[in-house]
Q: 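Below are the structure tokens for one structure; questions will follow.
Throughout, a chain's letter reflects where its sequence line sits, starting with A, and its residues are numbered from 1.
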Number of protein chains: 2
Amino acid sequence: MALDEEKIKGILKEKGLKVTRQRLVVLNALASKPDSHLTAEEIYDLVKTDSPEIGLATVYRTIQLFMELHLIDRINLDDGFVRYEIGDMGTKKNSHHHHHLICLSCGRVMSVEDDLLDELEAEIARTTGFKVTDHEVKLYGYCKECGGNLIEKNKTSE
Amino acid sequence: MALDEEKIKGILKEKGLKVTRQRLVVLNALASKPDSHLTAEEIYDLVKTDSPEIGLATVYRTIQLFMELHLIDRINLDDGFVRYEIGDMGTKKNSHHHHHLICLSCGRVMSVEDDLLDELEAEIARTTGFKVTDHEVKLYGYCKECGGNLIEKNKTSE
DNA sequence: CTTTGTGCAAAGCGTTTGCAGGTGA
DNA sequence: TCACCTGCAAACGCTTTGCACAAAG
């Protein structure tokens, strides 16, 4: 997935922020792996191939900045690592994030675009008066491949 | 919410684990605040009133143990703190957790028991072949009180 | 008596921060 | 020029660990 650098430059300039090589490189690293949910350290390693002098602190600062600009999202899979993924770049301006499927067997993380949750949110607004503006959904289970294996091993019914 | 100490003792003994005062005190602390999502430090403070000699390390070790025994659940509200709440004690053996409503204005956290997600999970199984066994849902927004205030301030339509 | 658990303090580890020098506008 | 940004290293805060002693079974 190519990054629209001009757009990013525009966003930065608009806020009086400077366009630096480090910022572009970090964002490009995230953009190059749209479905890998990278840790700060992984981003750092990726980025070092392009910019060996970059510091880990800069990566952290850049991540924070882009989080505030809503250009990237944070994901916490509760495996002890905080991860990041590139956002929709404002292309869709849909503040609702996608859901994450986390395979308990192989650890793979997949994303699903689905807004069946709207119904749940409406239900909650009705019963509790709570107005939902955003959600984070993590679904744990077994992916197609791992699930298949489990069925082989665990053929009890059906 | 009173804790069924006999049941806990049984669970521990069954695993060859010892029943210590510290373990009971930690679990009682969680049980005494079923809807407060406590950090390790908060549990430590609570527990110190009953057992001033207890160490923070013991609290952490005990929390871990009870997590493994599925007696307590971890919640991460992405506010920089990891929190814990007492589980359903195996009374319902329903591995599906409740959802959390997190108010972006006052920070309050509420729980909702709802399984509208079953539908979403079925949909996902159908389309992706991913078998969901558990989920974690965080809904961000504004609670009744804060939402009301927002409406006052932001009366644009209706 | 043996094994497991505890308290303390030190170590670990991911993340943040202070500061001097560098760089973009 | 001048404010902003970066790299480095030190500081931080939460959590884990090593070890000797204590307690449970």
Q: To the nearest Å, how far apart are A:N76 CG and C:dT15 C1'?
A: 14 Å
Q: Please state how far atom CD in A:E68 lies from atom P in C:dT16, giving the value in whole angstrom units.
A: 11 Å
Q: For A:E6, enumerate each residue passing the side-chain contact (heavy atoms from CB on, under 4.5 Å) test, keeping only those at least two apart in sequence or located in another chain.
A: A:D4, A:K9
Q: How close or far is atom P of C:dG22 from atom CZ of A:R21, stated in whole angstroms?
A: 15 Å
Q: Are A:K13 and A:V19 packed together at the side-chain level, in the sense that at least one heavy-atom pair is separated by less than 4.5 angstrom?
A: yes
Q: Check nucleotides 1-5 of chain C against the protein and report each pair of N or O atoms closer than 3.5 Å, with its distance, or say if there are none.
A:
residue, atom, partner, partner atom, Å
C:dT3, O2, B:K18, NZ, 2.4
C:dT4, O4', B:K18, NZ, 3.2
C:dG5, OP1, B:R23, NH1, 2.8
C:dG5, OP1, B:R23, NH2, 2.8
C:dG5, O5', B:R23, NH2, 3.4

Q: Need two values: the first and the last nucleotide of DNA chain D, 5' to 3', having an atom under 4.0 Å from any heavy-atom of chain A.
A: D:dA3 to D:dA9
Q: Kindly indicate whether the side chain of B:C143, heavy atoms from C-beta on, has any atom under 4.5 Å from the side chain of B:S105.
A: no
Q: For the helix from C:dC1-D:dG25 to C:dA25-D:dT1, what angle lies between the axis at the first five pairs and the axis at the last five pairs, to 10 degrees?
A: 40°
Q: Quick one: which residue pairs count as a ring pair (Phe, Tyr, Trp, His ring centres under 6.0 Å) with a foot in residues 4-33 of chain A, not counting sequence neighbours?
A: none
Q: To the nearest angstrom, how far is B:R61 atom CZ from C:dC8 atom P?
A: 11 Å
Q: Please state how far atom CG in A:L24 lies from atom C1' in C:dT23, giving the value in whole angstrom units.
A: 14 Å
Q: Any ring pair (Phe, Tyr, Trp, His ring centres under 6.0 Å) pairs touching residues 100-134 of chain A, not counting sequence neighbours?
A: A:H37-A:H100, A:H98-A:H100
Q: Base, sugar-phosphate, or nothing for A:E41, non-hydrogen atoms under 4.0 angstrom?
A: nothing
Q: Check the pair A:E145 / A:R108 against salt bridge (Lys or Arg N to Asp or Glu O under 4.0 Å), numbers first and verdict last.
A: CA-CA 11 Å; A:E145 289 71 28; A:R108 188 147 39 127; 2.7 Å; yes
Q: Using heavy atoms to find the nearest nucleotide of DNA chain D for B:K13 and B:Y60 separately, return the residue whose nucleotide is more 5′.
A: B:Y60
Q: Does anything in residues 46-57 of chain A come within less than 4.0 Å of DNA chain D? Heavy atoms only, and list the residues if so.
A: A:E53, A:I54, A:G55, A:A57
Q: How long is the span from the NZ atom in A:K33 to the CD atom in A:E85, to the nearest 0.5 Å?
A: 15.0 Å
Q: Can you list every pair that meets ring pair (Phe, Tyr, Trp, His ring centres under 6.0 Å) and has a residue in residues 7-27 of chain A, with sequence neighbours left out?
A: none
Q: Enumerate donor-acceptor pairs with a distance under 3.5 Å from any side-chain N or O in residues 44-60 of chain B to protein atoms, sequence neighbours excluded.
A:
residue, atom, partner, partner atom, Å
B:T49, OG1, B:L46, O, 2.8
B:S51, OG, B:R21, NH1, 2.6
B:E53, OE1, B:R21, NH2, 3.3

Q: Could you tell me which residues satisfy side-chain contact (heavy atoms from CB on, under 4.5 Å) with B:V137, sequence neighbours excluded, listed by chain and number?
A: A:V137, B:H99, B:L117, B:H135, B:L139
Q: Mind checking what makes side-chain contact (heavy atoms from CB on, under 4.5 Å) contact with B:L104, not counting sequence neighbours?
A: A:T133, B:Y140, B:Y142
Q: If a pair satisfies ring pair (Phe, Tyr, Trp, His ring centres under 6.0 Å) and one of its residues is in residues 4-27 of chain A, list it, with sequence neighbours excluded.
A: none
Q: Side-chain contact test, heavy atoms from C-beta onward, threshold under 4.5 Å: evaluate it for B:D78 versus B:N76 and give yes or no.
A: yes
